[in-house]
Amino acid sequence: MDSRVCVGCLACANACQEHSGAPEGCNPRRTVVSYAFEGGASRFVSLACMHCAEPACLSVCPASALSKVEGGAVVVDRERCIGCRYCRQACPFDIPQYADGLMDKCDLCTGAGVPTGADPWCVQACPSEALGFGPLDELRERAGDAARQVEAPTVPSLIVS
């Protein structure tokens, strides 16, 4: 996520909403937040599940409805979810959402019609190329010294510049 070039257009959030199959009435899986700094400067940051290396949501789910799949995505099996909301309570970023009594979150467009090897819909939709997708070491190299990995005990897979 390169906040230096994000224009806050919501194309990423709209693409996510269109393609994700999120349940009706569910908050968007991806949101754009505006941050204002002293002196009047501001930046936009596009946020969704950070697909942590050590996801707290996964470790607290009593129904084993969450799993980390090949490629690193943390996904939910809505057939197994019991709606207890433990995952939302455990997530340090308050990401999981609820609709129809079940958890919903970004799954990196697994099952959302993204062609094999293509970026998730949010990344494809970004006109300013503020979003990137791929191995963290490649993203760090592309972003350079301005980028920092988000720090938390869950080891989020998000680099922000």
Side-chain angles (χ1 to χ4, degrees), residues 1-37 40-58 66-78 87-88 90-99 103-161:
M1 169 65 229
D2 190 341
S3 66
R4 299 169 301 173
V5 298
C6 180
V7 296
C9 69
L10 301 177
C12 58
N14 292 334
C16 177
Q17 195 70 8
E18 179 182 341
H19 296 285
S20 70
E24 188 73 29
C26 189
N27 290 333
R29 291 179 175 181
R30 176 165 291 282
T31 59
V32 177
V33 179
S34 176
Y35 292 95
F37 301 98
S42 65
R43 286 202 176 167
F44 296 100
V45 177
S46 178
L47 295 172
C49 177
M50 297 181 200
H51 302 282
C52 299
E54 298 176 24
C57 59
L58 189 148
L66 290 149
S67 60
K68 193 164 183 72
V69 298
E70 186 177 337
V74 177
V75 298
V76 62
D77 179 344
R78 292 179 57 85
C87 56
R88 183 175 178 114
C91 177
F93 307 104
D94 198 31
I95 296 293
Q97 301 296 317
Y98 286 83
M103 191 269 272
D104 186 72
K105 60 176 271 322
C106 168
D107 60 7
L108 294 177
C109 295
T110 58
V114 172
T116 302
D119 290 336
W121 294 115
C122 57
V123 176
Q124 292 182 44
C126 182
S128 62
E129 298 182 1
L131 293 177
F133 177 76
L136 288 176
D137 55 344
E138 290 177 19
L139 294 172
R140 274 189 211 97
E141 185 177 319
R142 190 176 353 157
D145 293 337
R148 299 284 182 262
Q149 187 167 354
V150 173
E151 293 184 24
T154 57
V155 191
S157 298
L158 177 66
I159 297 172
V160 178
S161 54

Stepwise, does the side-chain contact (heavy atoms from CB on, under 4.5 Å) test hold for D2 with E129? CA-CA 8 Å; D2 190 341; E129 298 182 1; over 6 Å; no
Considering all heavy atoms, the nearest [X]-[Y] contact:
| X | Y | value |
| --- | --- | --- |
| V75 | V69 | CG2-CG1, 3.6 Å |
| C6 | M1 | CB-CE, 3.5 Å |
| L108 | A73 | CD1-CB, 3.7 Å |
| L131 | V123 | O-CG1, 3.6 Å |
| Q124 | A118 | NE2-CB, 3.9 Å |
| V150 | P156 | O-CD, 3.4 Å |

Mind checking the [atom1]-[atom2] spacing from [X] to [Y]? Nearest 0.5 Å is all I need.
| X | Y | atom1 | atom2 | result |
| --- | --- | --- | --- | --- |
| C91 | M50 | SG | CE | 7.5 Å |
| C109 | D107 | SG | CG | 6.5 Å |
| L47 | L158 | CG | CG | 7.0 Å |
| I95 | H51 | CD1 | NE2 | 9.0 Å |
| F133 | L139 | CZ | CG | 9.0 Å |
| R30 | C122 | CZ | SG | 4.0 Å |

Would a distance-only check, ignoring hydrogens and angles, find a side-chain to backbone donor-acceptor pair under 3.5 Å from [X] to [Y]?
| X | Y | result |
| --- | --- | --- |
| R43 | Y35 | no |
| S128 | V5 | yes |
| K105 | A48 | no |

Steps toward side-chain contact (heavy atoms from CB on, under 4.5 Å) verdict (V114, W121): CA-CA 7 Å; V114 172; W121 294 115; 3.2 Å; yes
Side chains of [X] and [Y]: closer than 4.5 Å at any heavy-atom pair?
| X | Y | answer |
| --- | --- | --- |
| L136 | S157 | yes |
| R29 | Q17 | no |
| C52 | V74 | no |

Checking side-chain contact (heavy atoms from CB on, under 4.5 Å) for the pair S67/D77: CA distance, chi angles, key distance, verdict? CA-CA 8 Å; S67 60; D77 179 344; over 6 Å; no
Does atom CG (D137) have a neighbourhood of more than 12 heavy atoms from anything else shown, all under 6.0 Å? yes
How about R140 and Q149: does a side-chain donor come under 3.5 Å of a side-chain acceptor?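 A donor-acceptor contact under 3.5 Å links the two side chains.
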Do S161 and R148 have a side chain donor and acceptor closer than 3.5 Å? no
Show your working on side-chain contact (heavy atoms from CB on, under 4.5 Å) between C87 and M103 and close with a plain yes or no. CA-CA 8 Å; C87 56; M103 191 269 272; 3.5 Å; yes
